[in-house]
There are 2 protein chains.
Amino acid sequence: MKSKQVNGTAVDLGTEAKIKEAAKKVFLKKGYDGTKTRDIADEAGVNLALVNYYFRSKEKLFNEVFDESAFAVARAINSIFDSDLPLEVKIYKLTEQFTELFLGQPDIPLFTVYEANRNADKMYEQVGLKDRTKSGIFEKQLEDEAAKGNIRPITRMHLEIVLVGLLSFPFMSRPVLAVNGIAGKEAFEKFVREHQKIVPEMVMTYLRKLD
Amino acid sequence: MKSKQVNGTAVDLGTEAKIKEAAKKVFLKKGYDGTKTRDIADEAGVNLALVNYYFRSKEKLFNEVFDESAFAVARAINSIFDSDLPLEVKIYKLTEQFTELFLGQPDIPLFTVYEANRNADKMYEQVGLKDRTKSGIFEKQLEDEAAKGNIRPITRMHLEIVLVGLLSFPFMSRPVLAVNGIAGKEAFEKFVREHQKIVPEMVMTYLRKLD
DNA sequence: ATAAATTTTAAATTTTTGTTTAAAACACTT
DNA sequence: AAGTGTTTTAAACAAAAATTTAAAATTTAT
């Protein structure tokens, strides 16, 4: 018997899924180097040996977790940017999506960025190839809008870094916010919502100002 | 004999300083959990036992390194914001200072943010108290300018997160940039300079647009 | 120049940690 | 119910790593 459903909620996920869940939680919080295999087993409430029984090694398990996390972010960006919505809508949509994604899993931004840097080489092979959508839709849109004089000229990469940076940074700054009086889940969420209201407006105001 | 000076450059820093230098380099690159005491000793070209001889423990050494790094960032922010320059000048100045600081030590942003999160509690005690300048100059300036109708109302914390996020994020994104064709030191520096030209203009444009 | 203090070294010790093993418990089929 | 395959467990193992030790080398002070 693999898993069981009791009334609404999935109570027994099955051991493998339970380990994966626990791994996600611990890796996201402590990073690869900071995570002990025993932490994962404990968090899952499961015997230590089962981690390797189901996933062969700490590293293999980590890779699964990282790929999902990085892919969630990449997909959010690409599915929006490479659609055919107006530029302004894309920017507001990305803001909304990231806000919800990160409020649900506040460790994603720092985890993804940190682990991508920890082994930048592996990144290149692993994500680099998988993610090369290369639709070019967004690049073209930016060029067209600039040509029409609707926005300043800007590359996709510059705009992406600006947007993702703005949307991610508050979630990397909780300790700083805490020291400055913005402590606790409620205060933090309030700050984030205010911040994410600023972001698209700031970006659009900048793009629209032609000099 | 503690240290020696040969012609212009300091050649022999003394063992303790050599270890600290090495620790800075390795910790900044690999983080606390990813750093082995042996990495530091090797990098310093020094016997393993000397690390603990001079610094008692890996953790104590790390704390010194972290404090300096975090303090460099905090000082850069506060010395500018709590001066009595016009708002626009402050924003351009912070941009310049951060750009130079981070181009010289590109690991500072991610290191600082990551390690601050790794042990947020300790942060509160350690940095929290030391750094409470609380001059209030900047807050007052923002309120005054908003009251005069020169800028939109915004809190110091919101503006700080926007600015520091924008200025830091490119340095956390090297692997992503590399995958997108911006690889190598020169290309990266070029991208950063373009980016840091956008930042203050974007922030000022936003602040100045009154609706 | 000698003694005391300091610094450095190689090796040992102790913890921590990822992984493996072998047996036990369990589940499923016939 | 016996047999077969799968899952779980406690314990062992081996490698990595932080820290300590005790002696050797070096420096400093007298």
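Lettering of chains follows the sequences in order, A, B, ..., and the numbering in each one begins at 1. Everything numeric in this text was worked out from a predicted model, so none of it was measured.
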Chemist: Salt bridge or not for A/D82 and A/R156, using N-O below 4.0 Å?
Modeler: yes
Chemist: Picking from D/dA17, D/dT19, C/dT20, which would you name as closest to the side chain of A/N52?
Modeler: C/dT20
Chemist: When you measure from the side-chain N and O atoms of A/T15 to the phosphate of D/dT7, is any distance below 4.0 Å, counting only OP1 and OP2?
Modeler: no
Chemist: Return the value, rounded to whole Å, for the distance between atom OH of A/Y53 and atom C1' of C/dA25.
Modeler: 13 Å
Chemist: Can you tell me how far C1' of C/dT17 sits from CZ of A/F62, to the nearest Å?
Modeler: 17 Å
Chemist: Roughly how many Å is it from NZ in B/K30 to C1' in D/dA17, rounded to a whole number?
Modeler: 13 Å
Chemist: Are any of the side-chain heavy atoms of B/Y114 and A/L110 separated by less than 4.5 Å?
Modeler: yes
Chemist: For A/D42 and D/dA10, give me the distance from atom CG to atom C1', rounded to whole Å.
Modeler: 15 Å
Chemist: Pairing donors with acceptors under 3.5 angstrom, does anything connect the side chains of B/Q141 and B/K90?
Modeler: yes
Chemist: Cut-off 3.5 Å, side chains only: do A/T205 and B/T205 have a donor facing an acceptor?
Modeler: no
Chemist: Using a cut-off of less than 4.0 Å, is there contact between a side-chain N or O of B/T37 and OP1 or OP2 of D/dA17?
Modeler: no
Chemist: Counting only side-chain nitrogens and oxygens, does B/N47 get under 4.0 Å of the OP1 or OP2 atom of C/dT8?
Modeler: no
Chemist: From the set D/dA18, D/dT8, C/dT9, return the single nucleotide nearest to any side-chain atom of B/A49.
Modeler: C/dT9
Chemist: Rounded to the nearest angstrom, tell me the gap between atom CG in B/L48 and atom P in C/dT13.
Modeler: 16 Å
Chemist: Please report the distance, rounded to the nearest Å, between CG in B/D39 and P in D/dT19.
Modeler: 14 Å
Chemist: Report yes if some heavy atom in the side chain of B/L87 is under 4.5 Å from a heavy atom in the side chain of B/L207; otherwise report no.
Modeler: yes
Chemist: Rounded to whole Å, how long is the line connecting atom OH of A/Y54 with atom C1' of D/dT6?
Modeler: 8 Å
Chemist: Should the side chain of B/R38 and the base of D/dA16 be counted as holding a donor-acceptor pair, with the cut-off at 3.5 Å?
Modeler: no
Chemist: Could you check how far CZ of A/F55 sits from C1' of C/dT20, rounded to whole Å?
Modeler: 18 Å
